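The block underneath contains the structure these notes are about, expressed in structure tokens.
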Amino acid sequence: MKAKTSGRRGWAGINFFDNSVVVARQLIGKVLLLDGVGGVIVETEAYDQGEPAAHSFIGERAHNAALFGPPGRAYVYRSYGIHWCLNLVCREPGYGAGVLIRAIAPTLGVPIMERRRGRDNLRLLCSGPGRLGQALAVTPDLNGKSVAATPFKLANAEQNPKVVRGRRIGLTKAVDLPWRFGLKDSEFLSAPFR
DNA sequence: ATTAGGATCCTCT
DNA sequence: GAGGATCCTAATG
């Protein structure tokens, strides 16, 4: 059988040409590392083209260009003028969909992450897109880099994680779309599901 | 436990 | 000049 995108080495069985909602669901329970530092993804959100909460809604600009690039790459944006947050691009080039990585359960490189954040609260170490960005040292120079190559690593972990689903957080538009996914009962979620 | 305000900066009105 | 896919601290109940 011929190798497809979903089976390509380094993608942990995920096909980033799929819908961002599908990918967001599938990313729960995978291991994400940046320079060997990170852990298990426990919270994601999907954003899609033509939906007003998405950064691609306004069309392609210099700051969101990576979101319109090839799938399986990183899109980094600045949040509230302060934080750098990490997305993984979905769909075909030019489309404009992505998955925001909102929280991970820290497993590898915990001391490094604590140092970068200047805090040692394990529960809050990577809980929320801003904290996660700081802990993994997410910066805009990662824009357009493939998750299947260094400095990234995406790998399988749990076989059948229990996934919960709900509304996205911190939005003022498209508030009702149930496009937030989480690992059930994880203590590292940025906020509970209900 | 919950709330309020500040930090900070790029884009758009 | 406003406001955002946020986080932290400090002040309350």
Side-chain angles (χ1 to χ4, degrees), chain A residues 16 19-28 32 34 38-39 41-69 71 73-91 95-106 110 113-144 147 163-183 186-194:
Chain A
F16 283 97
N19 288 315
S20 53
V21 178
V22 170
V23 173
R25 160 70 181 78
Q26 291 179 342
L27 279 171
I28 301 298
L32 178 67
L34 198 37
I41 299 173
V42 298
E43 185 180 339
T44 59
E45 279 177 0
Y47 290 85
D48 193 29
Q49 176 203 60
E51 165 252 314
H55 286 176
S56 52
F57 186 69
I58 58 168
E60 184 169 350
R61 300 282 191 285
H63 67 98
N64 65 9
L67 192 50
F68 291 87
R73 314 275 182 108
Y75 160 56
V76 175
Y77 73 95
R78 189 194 282 284
S79 176
Y80 290 89
I82 312 262
H83 307 102
W84 294 108
C85 303
L86 175 66
N87 293 252
L88 304 184
V89 179
C90 300
R91 295 291 207 125
Y95 184 88
V99 174
L100 172 65
I101 310 299
R102 286 193 56 91
I104 69 178
V110 170
M113 295 192 276
E114 289 175 339
R115 200 177 319 132
R116 297 208 270 230
R117 284 189 28 78
R119 281 160 193 76
D120 64 354
N121 184 328
L122 187 67
R123 194 179 63 80
L124 296 179
L125 196 55
C126 305
S127 178
R131 289 190 267 251
L132 186 155
Q134 190 181 17
L136 298 208
V138 170
T139 52
D141 56 86
L142 293 170
N143 259 319
V147 235
V163 177
V164 288
R165 177 174 189 167
R167 304 219 258 237
R168 298 179 296 183
I169 289 182
L171 305 179
T172 57
K173 303 161 187 170
V175 195
D176 290 330
L177 293 176
W179 287 0
R180 174 176 177 241
F181 297 89
L183 181 63
S186 169
E187 59 176 315
F188 300 104
L189 296 173
S190 70
F193 284 78
R194 38 177 31 204

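Chain naming here is simple, since letters A, B, ... match the order of the sequence lines and numbering starts at 1 in each. Owing to the predicted nature of the structure, the values given are computational and were not obtained by experimental measurement.
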* Asked: With nearest nucleotides of DNA chain C determined for A/Y77 and A/Q134 from heavy-atom distances, which residue corresponds to the more 5′ nucleotide?
  -> A/Y77
* Structure fact -> Separation of C/dA5 atom P from A/N64 atom CG, nearest Å, is 13 Å
* Among C/dT6, C/dG4, B/dT11, the one nearest A/T172 by side-chain distance -> C/dG4
* For C/dA5 and B/dT3, measure between their C1' atoms and round to the nearest Å. => 22 Å
* To do: Using a 4.0 Å heavy-atom cut-off across all strands, classify A/R180 as base, sugar-phosphate, or nothing.
  => nothing
* Checking all strands, does A/G81 fall into the base, sugar-phosphate, or nothing category for heavy-atom contacts under 4.0 angstrom? -> base
* Donor on one side chain, acceptor on other, A/D48 and A/Y95, under 3.5 Å -> yes
* Asked: Contact class for A/L124 vs. all strands (heavy atom < 4.0 Å): base, sugar-phosphate, or nothing?
  -> nothing
* Asked: So what does A/S190 touch, heavy atoms closer than 4.0 Å: a base, only the sugar-phosphate, or nothing?
  -> nothing
* Asked: Roughly how many Å is it from CZ in A/R123 to P in C/dC7, rounded to a whole number?
  -> 12 Å
* **Stacked pair A/Y47-C/dA5, distance under 5.5 Å, angle under 30°** => yes
* Asked: Under a cut-off of 3.5 Å for both distances of each Watson-Crick or G-U pair, what dot-bracket string does DNA chain B give, using [ ] for crossing pairs and | for inter-strand pairs?
  -> |||||||.||||.
* Asked: Looking for any heavy atom pair under 4.0 Å, which part of the strands does A/H55 touch: base, sugar-phosphate only, or nothing?
  -> base
* Give the minimum heavy-atom separation between A/R165 and A/P178, together with the two atoms involved. => NE-O, 2.7 Å
* Of all the nucleotides listed (B/dC9, B/dC12, C/dT6), which has the minimum atom distance to the side chain of A/R78? -> B/dC9
* Presence of donor-acceptor pair under 3.5 Å, side chain of A/Y80 and base of B/dA7 -> no
Do any side-chain atoms of residues 187-194 of chain A form donor-acceptor pairs under 3.5 angstrom with protein atoms, and if so which ones, sequence neighbours left out?
from: A/S190; atom 1: OG; to: A/E43; atom 2: OE1; distance (Å): 3.1
from: A/S190; atom 1: OG; to: A/E43; atom 2: OE2; distance (Å): 2.8
from: A/S190; atom 1: OG; to: A/R102; atom 2: NH2; distance (Å): 3.1

